[in-house]
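To start, the structure itself, in structure tokens.
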Amino acid sequence: MNNLIVNLVLGDIASLLKIKGANNYKIRAYENAIAKIKNLDVDIKDLVDKGELTEISGIGKSLANTIQEIIFTGSCEEYDNLIKEYPPSIIPLLKVSGIGPSKVKLLYNKLNIEDLEDLKRKAELGQLTQISGIGAKTEGKILSSVNKLLDETDKLDLGEASLLSNKLKTYLDKFKDVHRIKVIGSLRRKEEIINKISLIIECRDFQVISKNIKILPIISEILEENNQKLILNSKLGVKIELIRASSSDFWNKVFWLTGTEEYNKKLKSVFSIRQGDLENKFESEKNIFNKLNIPYIIPELRSDLEILDRAREDSLPLSIKNEDIKGDLHIHSNWSDGRYTIEEMARACQNRGYEYLSICDHTHSLTIANGLDVDRLKRQWEEIDKLNEELNIRILKGAEVDILNDSLDYGDNILESLDVVIASIHSGFGDSQEDMMKRIMIALNNPYVDILGHPTGRLVLGRASYNINFEKLVHKAVETNTILEINSAPKRLDLNSHNVKLAHKLGANFIINTDAHKMKQLDNMKFGVGVARKGWLEKEDVINTLSLSDLKDFLTK
DNA sequence: GCCGTTTTCGGCCCGACTGTTTTCAGTCG
């Protein structure tokens, strides 16, 4: 929890420094430290106590002092000075597409715009064009972006919400009073956007737990409180709900508070559940399904009304499981914009029990990501060959080749010699549907492209899909035997479960990849598997459940 | 602000696009 608080404050400092126009490298130093802290497996307070903070590369004397101050006082001098110049409420303006730090500064200085609501009002009045550099077109773009952001302020993506919920659970587990805790609601259903983290808690004294959680620095306000329930608002925007259970009704509550209201309603009617059917004490949730004579429905599907008809017919999908995954085919290394070496990523995959991985670094047009030209790519192959002799996991040679305007970033002669070719779009997001589809067709029609990477380009709580005709895309993918990627990065989850379900009906093949740029991100695989489960996929529908030899056969077909 | 070192300060991913200020700063990936 300390790590989270430190990062909240450091993040605000970095944002305010940007607005102020401070040295870019100073800002980057803050951002770098934030990334390091995010990756820490230990409580940062332990490092402070031991005086080991500066042993983290990227944290020097100055940042170490700042972090120490934050831990002991909740704030720090640097932050307090900055908010004398600019109110922290302007920080969210940085997220508005079309305006960057310098425009935020101008909007504040010239128009006294202090927050998103204010920006919205003044954009609607057409006042933003008073700022040099903002014309009518930009103003329109700003307004639509602000509206979207205002709608999203109290929400987190699945990855961030999971992280926070795990921290809360760990914190609560330390109390002797606590008997057991279970995540329920949208988080248990693995919805892509979470606005409330709900936990069922069985404990001896609920008041003690309430008292202790209310005082956490992450909490911003108390929304509801009684002896059965506590609902709080957090500084991350997302709500936190604790629901009390007893040893006798624990699983009942888990059962009824996992699915959506509509789902529960239909469940009751389809299976004629009556009041009193569940008065016993149950030892597990599966026991409840048994008692009601309902086949077990996985949490991921408990918002899907259609699945209840399948349950009635006893023809539920045999949903894919995490342990079915045998490898990850979309992994970056420090040859392009990944953080770690191929060897480190490969060993990390080995530790996760995989049979294989494929290194798919960016290609040379993506200069910001240090994309590989053919020369470097060939040198990368030498390294992979060497590692394959040393390691007990198979590293496949791949590339995440950029789909350019009218071609792919490597020629066919190169694509042909790669084990795995993922084609992805990283530019021209605003193209018309006609242009975008033309580009995607070039990729799908290329005989050496195996996988279409993050096929719709959407970012959860960030960016809409490219302008595409999804059904047409899927038909072509089926025709050309191109695999559709389920990208597991919680900020992408692309395809989403709705598209997976649709593409599955149209006969597509899928692969679940992490797109990991760091070792830790390999653990995102579970989020992609969650999407697949929500989209009714079974093991057979997903290519990276194949053994290495079957996978190779599939890819060379 | 951090790092590494020629120990006292210079280097620290880039390049395309966009709208607008008609020549480029700001934004974005």
Side-chain angles (χ1 to χ4, degrees), chain A residues 6 9-11 13-37 53-70 76-79 81-82 93-107 110 128-145 332-339 361-373 376 400 402-405 409 424-432 435 453-454 457-459 462-464 466 489 491-492 494 515 517:
Chain A
V6 168
V9 181
L10 293 184
I13 294 176
S15 297
L16 291 167
L17 285 172
K18 275 185 200 166
I19 294 166
K20 191 178 169 179
N23 180 300
N24 267 327
Y25 295 108
K26 179 175 173 175
I27 296 163
R28 197 179 293 168
Y30 274 87
E31 289 176 335
N32 187 25
I34 290 166
K36 284 279 163 67
I37 293 167
L53 257 189
T54 50
E55 281 173 28
I56 301 172
S57 129
I59 296 183
K61 230 176 176 176
S62 166
L63 268 165
N65 282 334
T66 304
I67 290 168
Q68 191 167 341
E69 244 189 299
I70 298 169
C76 63
E77 202 184 340
E78 172 99 37
Y79 178 75
N81 286 336
L82 280 165
L93 267 64
L94 287 172
K95 288 193 191 146
V96 178
S97 72
I99 61 180
S102 67
K103 288 282 193 297
V104 173
K105 187 177 181 177
L106 280 173
L107 290 165
K110 299 248 157 97
L128 304 191
T129 51
Q130 293 169 28
I131 303 288
S132 77
I134 298 181
K137 204 165 175 178
T138 305
E139 189 172 57
K141 202 171 142 193
I142 289 172
L143 188 57
S144 71
S145 172
H332 294 273
S333 75
N334 62 355
W335 280 79
S336 67
D337 60 348
R339 184 73 67 84
D361 272 314
H362 291 289
T363 56
H364 59 110
S365 284
L366 210 62
T367 46
I368 191 178
N370 192 22
L372 277 65
D373 58 24
R376 288 178 63 221
E400 185 183 15
D402 248 65
I403 303 173
L404 307 175
N405 279 339
D409 208 11
S424 305
I425 284 178
H426 294 109
S427 61
F429 301 112
D431 278 4
S432 67
D435 287 345
H454 41 78
R458 73 86 174 254
L459 295 179
R463 183 176 70 205
Y466 320 128
K491 290 213 157 26
R492 288 196 182 272
D494 181 12
D515 199 356
H517 288 67

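Naming: A, B, ... by sequence-line order, numbering from 1 per chain.
- In this structure Ile34(A) satisfies the side-chain contact (heavy atoms from CB on, under 4.5 Å) test together with Asn7(A), Leu10(A), sequence neighbours excluded.
- Rounded to the nearest Å, the gap between the P atom of dT20(B) and that of dG26(B) is 15 Å.
- Across all strands shown, dC2(B) is found opposite dG11(B) as a Watson-Crick or G-U wobble partner, with both distances under 3.5 Å.
- One atom, CD1 of Ile131(A), and another, P of dG19(B), lie 18 Å apart when rounded to the nearest Å.
- Judged purely by distance below 3.5 Å, without hydrogens or angles, the side chains of His362(A) and Asn370(A) never pair a donor atom with an acceptor atom.
- Across dG11(B) and dT5(B), the matching C1' atoms stand 12 Å from one another, rounded to whole Å.
- Using atom P as the reference point in both dG15(B) and dT22(B), the two lie 27 Å apart (nearest Å).
- Look at the C1' atom in both dC2(B) and dT7(B): the space between them is 15 Å, to the nearest Å.
- For Ser365(A) and Asp402(A), the side-chain atoms include no donor-acceptor pair closer than 3.5 Å.
- Nucleic acid contact class of Ala14(A) (heavy atoms, under 4.0 Å, all strands): none.
- Nucleotides dC3(B) and dT8(B), compared at atom C1', are 13 Å apart to the nearest Å.
- The gap from the P atom of dC12(B) to that of dT6(B) amounts to 15 Å, rounded to the nearest Å.
- Across the protein-nucleic acid pair, Asp337(A) atom CG and dC14(B) atom P stand 15 Å apart, rounded to whole Å.
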(message) Across nucleotides 1-10 of chain B, 5' to 3', mark each nucleotide with B, S or - according to how protein heavy atoms within less than 4.0 Å reach it.
(response) BSS-------

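- Among residues at least two apart or in separate chains, salt bridge (Lys or Arg N to Asp or Glu O under 4.0 Å) pairs with a member in residues 18-33 of chain A are Lys18(A)-Glu31(A), Lys20(A)-Glu85(A), Lys26(A)-Glu78(A).
- Here dC13(B) presents its P atom at 17 Å from CG of Leu372(A), a figure rounded to the nearest Å.
- Partners of Arg339(A) under the side chain to side chain donor-acceptor pair (under 3.5 Å) rule, at least two apart in sequence or in another chain, do not exist in this structure.
- The nearest heavy atom of DNA chain B to Asn370(A) and to Gly135(A) marks one nucleotide each, and the one closer to the 5' end goes with Asn370(A).
- For Ser145(A), there are no side chain to side chain donor-acceptor pair (under 3.5 Å) partners, not counting sequence neighbours.
- On the P atoms, dC28(B) is 25 Å away from dT23(B), given to the nearest whole Å.
- Following rounding to the nearest Å, His364(A) (NE2) and dC13(B) (P) show an atom-to-atom distance of 22 Å.
- Listed by chain and number, the residues in a ring-ring contact (aromatic ring centres under 6.0 Å, His included) with His454(A) are His426(A) (sequence neighbours excluded).
- Atom C1' of dC9(B) sits at a distance of 36 Å from the matching atom of dC17(B), rounded to the whole Å.
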(message) One character per nucleotide, please: for nucleotides 23-29 of chain B, 5' to 3', B when the base has a protein heavy atom closer than 4.0 Å, S when only the sugar-phosphate does, - otherwise.
(response) ---SSSB

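- Residues Lys137(A) and Ala369(A) each lie close to DNA chain B; by heavy-atom proximity, the contact nearer the 5' end of the strand is made by Ala369(A).
- Taking atom CG on Asn334(A) and atom P on dC13(B), their separation rounds to 14 Å, with Å as the unit.
- For Asn32(A), there are no side chain to side chain donor-acceptor pair (under 3.5 Å) partners two or more places apart in sequence or in a different chain.
- Scanning for salt bridge (Lys or Arg N to Asp or Glu O under 4.0 Å) contacts around Lys95(A) gives an empty result, with sequence neighbours left out.
- Considering CG of Leu106(A) and CD1 of Ile131(A), their distance stands at 5.5 Å, rounded to 0.5 Å.
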